[in-house]
Amino acid sequence: MNFTGIYKTLSEGQSEGRLIVVTGPSGVGKGTLLQKLLERYPDRILFSISATTRLPRTGEEHGREYFFWSRAEFEQKRDDGEFLEWAEYAGNLYGTPRQAIDQAIALGRIVLLEIELAGARQVAQSFPSAKRIFIAPPSMLVLESRLRDRSTDSDEQIVKRLHHAELEIAAASEFDITIVNDDLEIALQQLESAMFD
Ligand SMILES: Nc1ncnc2c1ncn2[C@@H]1O[C@H](COP(=O)(O)OP(=O)(O)OP(=O)(O)O)[C@@H](O)[C@H]1O
Ligand SMILES: Nc1nc2c(ncn2[C@@H]2O[C@H](COP(=O)(O)O)[C@@H](O)[C@H]2O)c(=O)[nH]1
């Protein structure tokens, strides 16, 4: 059975498996929030591991933060239909492999996708019942300082990411709910309520 088939069956009431998409500009704190949720609900939540063609940052491991694939490998898998969604972002390809998600939803888990806007739009088309949550920064200045203080991206990457951020923030109204990540604990509580309601 393909993913659509499994998801339909589950939405008809046989399990509580569901898909939640979390989108927001790079540096807004999506990963920080989701990591904390995962620590709170390790048995209920599955955090999808994406694939990317970007190089690993210090401390990142293949199969933990991402599957780090070459562009040729990524494109082959994309052409073979192995991604639920994919997009080019700031010069690299990113995508959600379908397989683990199919299995987790079938087992009744809440599956979280942390993806950028173009991918979120694809999921909205293929899975209109997925809940879509937008994480917004308190301001562009705060976003920029989070990106700079994180010290993971070059100046060139930061400029690209801030440019993307403006496009993403302009699309926030497409989402079911927007959460401003100012105070981390408050944002976490809001995300938790949105996920389980
Ligand atoms: N509420 C907050 N207040 C202050 N700093 C925060 C808050 N949330 C996250 N941060 C910090 O902001 C930086 C960016 O967070 P994080 O890496 O989680 O962002 P992200 O949205 O996952 O980025 P990307 O999409 O690039 O992966 C990190 O250094 C993190 O510690
Ligand atoms: N469309 C997708 N976007 C994804 C996926 N995995 C991550 N992302 C988004 O990419 C940017 C940059 O991430 P970074 O790790 O290089 O900082 C960020 O907005 C992520 O949410 C994916 O599978 N599909």
Residues R150 and T152: side-chain donor-acceptor under 3.5 angstrom: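 There is such a pair between these side chains.
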Non-hydrogen side-chain atoms of L93 and E75 separated by less than 4.5 Å: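 In contact.
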Taking side chain as C-beta onward, heavy atoms only, is V111 less than 4.5 Å from R18?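 The answer is no, as the side chains (C-beta and beyond) never meet within the 4.5 Å cut-off.
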Checking [X] now: which residues fulfil side chain to side chain donor-acceptor pair (under 3.5 Å) with it, not counting sequence neighbours?
X: D155; answer: R148
X: D182; answer: none
X: Q35; answer: none
X: Q157; answer: R161

Gap separating the [atom1] atom of [X] from the [atom2] atom of [Y], nearest 0.5 angstrom:
X: N181; Y: L188; atom1: CG; atom2: CG; result: 9.0 Å
X: L19; Y: L84; atom1: CG; atom2: CG; result: 6.5 Å
X: I45; Y: E39; atom1: CD1; atom2: CD; result: 11.0 Å
X: F127; Y: L113; atom1: CZ; atom2: CG; result: 10.0 Å
X: I158; Y: S26; atom1: CD1; atom2: OG; result: 8.5 Å

What do the steps show when you test V22 against M195 for side chain to side chain contact (heavy atoms under 4.5 Å, CB included), and what is the final call? CA-CA 10 Å; V22 177; M195 273 181 42; over 6 Å; no
For E156, salt bridge (Lys or Arg N to Asp or Glu O under 4.0 Å) partners two or more places apart: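 Checked E156 against salt bridge (Lys or Arg N to Asp or Glu O under 4.0 Å); matches are K160.
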Does a sphere of radius 6.0 Å around NE2 in H62 hold more than 12 heavy atoms from other residues, nucleotides or ligands, not counting ones at 6.0 Å or beyond?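 Count over threshold, so yes.
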My understanding is that a hydrophobic cluster links ILVMFWY residues whose side chain heavy atoms are under 4.5 Å apart, including indirect links. Using that, what else belongs to the cluster containing V159?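 Joined to V159, directly or through intermediates: none.
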Run T23 and I133 through side chain to side chain contact (heavy atoms under 4.5 Å, CB included) and show every step you take. CA-CA 6 Å; T23 299; I133 300 173; over 6 Å; no
Under the salt bridge (charged side-chain N to carboxylate O under 4.0 Å, His left out) rule, what pairs show up with a residue in residues 184-197, not counting sequence neighbours?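 Listed once each, the pairs are R40-E185, R40-E192, K131-D197.
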Tell me the salt bridge (charged side-chain N to carboxylate O under 4.0 Å, His left out) pairs involving residues 165-180, sequence neighbours left out?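 Applying salt bridge (charged side-chain N to carboxylate O under 4.0 Å, His left out) to every pair that reaches into residues 165-180, excluding sequence neighbours, yields R121-E174.
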Side-chain ion pair, D43 and R109, N-O less than 4.0 Å: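 No, this pair does not count.
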When hydrophobic residues are tied together by side-chain contacts of less than 4.5 Å, even through go-betweens, does I115 share a cluster with L46?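 In one cluster with I115: L46, yes.
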Please find the pair of heavy atoms, one from P25 and one from A165, that lie closest to each other, and give the distance.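 Shortest heavy-atom separation between P25 and A165 comes out as CB-CB, 3.5 Å.
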Identify the heavy atoms of A136 and V28 that sit nearest to each other, and give their distance.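 Answer, listing the atom of A136 first, then V28: C-CG2, 3.4 Å.
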Does L143 form a side chain to side chain contact (heavy atoms under 4.5 Å, CB included) with M140? I'd like the steps, not just the answer. CA-CA 5 Å; L143 181 67; M140 287 301 286; 4.2 Å; yes
Just jot down the ring-ring contact (aromatic ring centres under 6.0 Å, His included) partners of F47, sequence neighbours excluded, or say none.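 Applying ring-ring contact (aromatic ring centres under 6.0 Å, His included) to F47 gives none.
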Suppose we call two aromatic rings close when their centres sit under 6.0 Å apart. Are Y94 and F74 close by that rule?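 No: the rings miss the under 6.0 Å criterion.
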Strictly by side chain to side chain donor-acceptor pair (under 3.5 Å), give each pair with a member in residues 78-90 just once, sequence neighbours left out.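 Residue pairs with at least one partner in residues 78-90: R71-E88, Q76-D80, E85-T96.
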Given R54 and E60, is the side chain to side chain contact (heavy atoms under 4.5 Å, CB included) satisfied, shown in steps? CA-CA 11 Å; R54 86 155 161 71; E60 287 184 329; 2.8 Å; yes
Pairs touching residues 175-197 that satisfy ring pair (Phe, Tyr, Trp, His ring centres under 6.0 Å), sequence neighbours left out: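 Of all non-adjacent pairs touching residues 175-197, those that pass ring pair (Phe, Tyr, Trp, His ring centres under 6.0 Å) are Y41-F196, F134-F175.
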Do any side-chain atoms of residues 63-70 form donor-acceptor pairs under 3.5 angstrom with protein atoms, and if so which ones, sequence neighbours left out?
residue : atom : partner : partner atom : Å
R64     : NH2  : G59     : O            : 2.7
E65     : OE1  : E61     : N            : 2.8
S70     : OG   : E73     : N            : 3.0

Residue from I177, T32, L33 passing side-chain contact (heavy atoms from CB on, under 4.5 Å) with I135: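 Single side-chain contact (heavy atoms from CB on, under 4.5 Å) partner of I135 among I177, T32, L33: L33.
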